[in-house]
Student: 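There's a structure below that I have some questions on.
Every chain is numbered from 1, with letters handed out A, B, ... down the list of sequences. These numbers were taken from a predicted model, which means no experiment stands behind them.
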Amino acid sequence: MAAHEKPDLPAHRNLFRMILAPTIWAIHFLLAYCTAAIWCAKDLGDPDTLTLVVTGYTVAAEVAIVFLGLKMWTQWDYLDDYDYVHSESTDEHRREFLGHAGFMLACLSFVAVIFNTMPVWFAGTCL
Amino acid sequence: MRPLVLPAAAILAIALAGCRGPQSALDPAGADASSLASLFWVMLAGAVVLWLLMNGLIFYAWRAKPRPISSKAARILIFGGGVVFPTFVLFFLLAYGLSMMPDQRAPGEGLRVEVTGEQWWFRVAYWPEGASEPIHSANEIVLPVGVRSEITLKADQVIHSFWLPSIAGKTDMFPGRVTRMSLLPTEPGEFRGQCAEFCGESHAWMAFTARTMTPDDFAAWVEAEAAPAAVPETDLQARGLDVFLSEGCGGCHAIRGTPARGRVGPDLTHLASRGNLAAGALKVTVPDLIAWISHPEAIKPGAKMPAFDHLPREDIAAMAAYLESLE
Ligand SMILES: [Cu+2]
């Protein structure tokens, strides 16, 4: 391995993966609202098309979140040892803790992205 | 238990009486207010059910000496009741609430009323369909029943909010920005609206009256409102107009049909046909007019109209008599 190349962080040290799903949720929120604001201010066309565009963002975000959630679920590997409490300061407990928290955050983000999209589904108008 | 029934009924009656009246979101006379009122009742019913459920559970756990349940059942209860159930309830409530919004903001079908929030009164300009010039008025909104009218909202110096709860929800008014809403009154009547955003000393004195009428009555009203002011009929009224003009009231107020053209303060052309004086602070009566002209700040702190109590009382009374004749 060359000196400038960073090694992949081992799972028990990688905090970033845990917050990736909520980050997608935040980006989805921004994208949806900015698109709607610009669409309506610049009158870019039919609001129904806007609904389609934002729903497109939602599908992409949800696919990514499901993928991440599954990864976190595997990292937690609950079905392996049914560990629900991760209180020891060992690599395994850290890894499972981060997986557990990341999995739950992914579930939360999944629902949140749907809630983000509901305005265009149920009140899809520029008025 | 018995002695509590009467006082409880009395309190309930008083509380419910507050739901009626010319300024109540729970006594709707407009399409949007009706849907907001049903939203309120649905939410209230749901809240009551949840309240009973939660308190029932607390009561059960605390008083009914329950047997322990299996940890699997407990997990289902906590996950189901704490995560799945609220998520679905929120989903349906949000869907229900959001789906109401497009109707609330539907475009108007003819008449457009431009309302500007001033400190502390409402400047009103009616643009009937096809009009090239507005009809200026103030502190009163007159609308036809059964037609959705477009309301354009502006503000002068500070933020205000336009709120006519019997007809619809509220919308803020911003300096330098135009907001809009639309109103669809369903019943003829007289209502009261109120500035709903703190805007300075006399914010609490910034109200307006609203009248809704059949489209025919409305057409007649528009014609009358567009006409110039009544000509003085008595000597007293004629003297009132003279004083009004010579004291410079016309620098701030317009009375169409006279040389008074000011646009700083409310248009007074048909003052006496409005249901209020000085944005709901007073009524259009001679004593109230005298009180207002003599010392506006005594009635509305900070009012942007100078006091005229240095004038002879007879002059003020003459102006009051004249203004009170401006139907
Ligand atoms: Cu105000």
Student: More than 12 non-hydrogen atoms from neighbouring residues, nucleotides or ligands closer than 6.0 Å to CE on B/Met101, yes or no?
Tutor: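 No, because the 6.0 Å sphere around CE of B/Met101 holds 12 heavy atoms or fewer from other groups.
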Student: What distance do A/Met118 atom CE and B/Leu94 atom CG have between them, rounded to the nearest 0.5 Å?
Tutor: 4.0 Å
Student: Check whether more than 12 heavy atoms from other residues, nucleotides or ligands sit under 6.0 Å from atom CZ of B/Phe40, and answer yes or no.
Tutor: yes
Student: Give me a line-by-line list of donor-acceptor atom pairs from chain B to chain A that are under 3.5 Å apart, or tell me none exist.
Tutor:
unit_1   : atom_1 : unit_2   : atom_2 : d
B/Arg105 : NE     : A/Leu127 : O      : 2.9

Student: In this structure, are over 12 heavy atoms from other groups packed under 6.0 Å from B/Phe218 atom CZ?
Tutor: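 Result for CZ/B/Phe218: enclosed.
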Student: May I have all residue pairs that pass disulfide (SG to SG under 2.5 Å) and include part of residues 82-127 of chain A, sequence neighbours excluded?
Tutor: A/Cys40-A/Cys126
Student: If you look at every heavy atom in B/Pro102 and A/Ala123, which pair is closest and at what distance?
Tutor: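 Smallest heavy-atom distance, with atoms named: CG-CA, 3.7 Å.
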Student: Ignoring hydrogens, what is the shortest heavy-atom contact between A/Phe115 and B/Phe91? Give both atom names and the distance.
Tutor: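 That would be CZ-N, 3.7 Å.
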